[in-house]
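Step one of this worksheet: look at the structure below.
Bear in mind that the values here come from a model prediction, so they are computed numbers and not experimental data.
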Amino acid sequence: MSNSTNSARQRITGLLDEKSFMEIGALVTARSTDFDLSQSETPSDGVITGYGLIDGNLVYVYSQDAAVLSGTIGEMHSKKIAAVYDMAMKMGAPVIGLIDCAGMRLQESIDALQGVGEIYAKQAAASGVIPQISAIFGFCGGGLAVVPALSDFAFLEKDQGRMFVNSPNAIKGNHIGKCDTASAKYQAGNNGCIDGVGTTEEILAAIRELVCVIPGNNAEFGRKEETADDPNRICENLAGCKEDARLLLTHISDGNLFIEAKKDYAKNMVTGFIKLNGITVGAVANAAAVFDEKGEKAESYDAVLTARGCSKAAEFINFCDAFDIPVLSLTNVEGFSATECSEKNLAKAMARMTSAFAGANVPKVNIITGNAYGSAYVMMNSKSIGADLVYAWEGSKISMMDAAQAAKIMYDGQSAEVIAAKTKAYEQLQSSVQTAARRGQVDLIIKPEDTRKYAAAAFEMLYTKGAGEPVRKHMAK
């Protein structure tokens with residue numbers, strides 16, 4: 001057995017619980033004999049398929065074998081992957097694809113094209129029914145780049161993983177030395193598909209962790225497990241995490257577990273999973289900074305909505321809604337990105353995110369941690385678009401805009417003294433979180449350190465939330 005074949009099997013071994021893998025279709029080989037294929041050995045036709053367990057959770061797996069015709073997709077190769085999807089759909093379990101593929105098999109041309117189409121169709125049919133996870137360890141190019149893009153979560157090996165539609169040298173004016181557009185770093189930061197980059201071991205560990213927090217299918221009504229962490233635990237110094245939502249979410253989660261999605265893409269919008277009193281919750285949060293391990297500010301962002309950030313949030317919310325995962329939003333936003341590029345894409349992206357929040361039937365809780373200004377705040381899971389409960393930190397602000405800016409607009413041409421007085425009045429009358437609470441837009445004003453307690457209690461109360469009108473058995477007399 002070649003080293004690459006070993007890699008294909010070793011990835012499965014490293015992913016699944018010990019001795020739990022059961023192979024399916026091990027004796028399948030290529031049928032085509034055109035262009036000297038009959039002279040080639042094609043064990044398993046270049047893809048190992050089967051099922052196994054991850055921490056006791058049933059999953060279905062396919063792992064492409066680059067030792068067999070470079071892992072290219074042919075007729076039988078694709079049929080094996082399609083069969084895995086069929087079985088996973090019947091059993092209600094996730095599909096995990098370990099990708100190492102040089103593309104479609106030229107020798108099988110039309111059959112290969114048909115096979116790739118069958119894979120696309122299975123992925124589309126499984127979307128919103130069972131979770132789909134992909135991990136790229138070698139090549140994933142051309143039309144095959146759609147496979148991780150159709151998946152709910154995707155990972156990319158940092159050194160050997162290559163994802164591309166067009167190879168870098170095929171892009172006019174570019175070459176690998178100038179910009180390696182197929183590299184893990186470039187793709188993770190730009191294509192909006194990649195959830196994490198790392199070594200093979202790190203990726204397999206990340207997939208195991210992910211499978212253990214999300215439901216296996218859309219009929220499980222989310223996921224809830226026992227926890228030893230006190231739901232009323234006080235989170236000291238949480239106010240200092242306001243700018244970096246990643247830290248904030250980590251602190252309030254059971255066991256400080258936060259699994260971030262699309263971590264290197266649109267970093268000013270944070271998405272990922274936390275646990276609150278055993279319930280898996282999807283989190284969507286504005287971020288203005290990233291702090292390093294020393295507590296130093298490593299990166300800073302404007303507190304605004306961007307096209308990439310809104311699209312990232314919309315996709316994540318839709319996943320949560322499909323799999324009955326409650327959604328928690330942390331709002332700290334002051335407006336919209338003001339660039340020429342944003343003007344081309346932002347309105348549509350904002351519409352997607354607004355629609356996702358408003359249309360989601362799962363429990364929805366919003367916590368305002370800083371400034372909540374204008375329609376950007378409204379889009380971030382406000383009560384007016386359907387949040388079940390809205391909490392606000394002490395000292396937070398809800399307003400059309402910054403008080404000083406509002407006063408300058410309303411009293412343009414007036415003296416500095418007048419504008420200063422009107423700024424103070426606007427701050428008290430229209431920017432105060434107390435004003436929003438009196439109007440019912442905020443349910444409760446809380447201390448930052450109590451965030452976990454109130455969030456956990458909210459989702460416990462909302463756990464049995466149903467969609468639509470209740471079924472009536474008796475009419476009122």
(message) Does Glu460 have more than 12 heavy atoms from other residues, nucleotides or ligands lying within 6.0 Å of its CD?
(response) yes

Heavy-atom count around Asp292 CG within 6.0 Å, excluding the residue itself: above 12?
yes

The reported gap from CG in Asp324 to CZ in Arg223 (rounded to nearest 0.5 angstrom) is 14.0 Å

- Query: Any idea how Phe153 and Phe319 line up, ring-wise: parallel (<30°), tilted (30 to 60°), or perpendicular (>60°)?
  - Reply: perpendicular

Taking the inter-plane angle between the rings of Phe139 and Phe164 on a 0 to 90° scale, is it parallel (under 30°), tilted (30 to 60°) or perpendicular (over 60°)? perpendicular

Less than 4.0 Å between a side-chain N and a carboxylate O, is that true for [Y] and [X]?
X	Y	result
Lys297	Glu243	yes
Asp244	Lys267	no
Arg162	Asp180	yes
Arg452	Asp254	yes
Lys275	Asp229	no

Are any side-chain N or O atoms of Gln123 and backbone N or O atoms of Val147, one a donor and one an acceptor, separated by less than 3.5 Å? yes

Check your understanding: Side chain of Lys465, backbone of Val362: donor and acceptor closer than 3.5 Å?
Key -> yes

ask   = Does NZ or CZ of Lys224 fall inside the cone over Tyr463's six-membered ring, less than 6.0 Å from its centre and within 45° of the axis?
value = yes

Of all heavy-atom pairs linking Leu15 and Ile54, the shortest is O-CG1, 3.7 Å

Of Thr369, Asn332, Thr451, the one forming a side chain to side chain donor-acceptor pair (under 3.5 Å) with Trp393 is Thr451

* Asked: Are the side chains of Pro215 and Ile325 in touch, meaning some heavy atoms are under 4.5 Å apart?
  -> yes

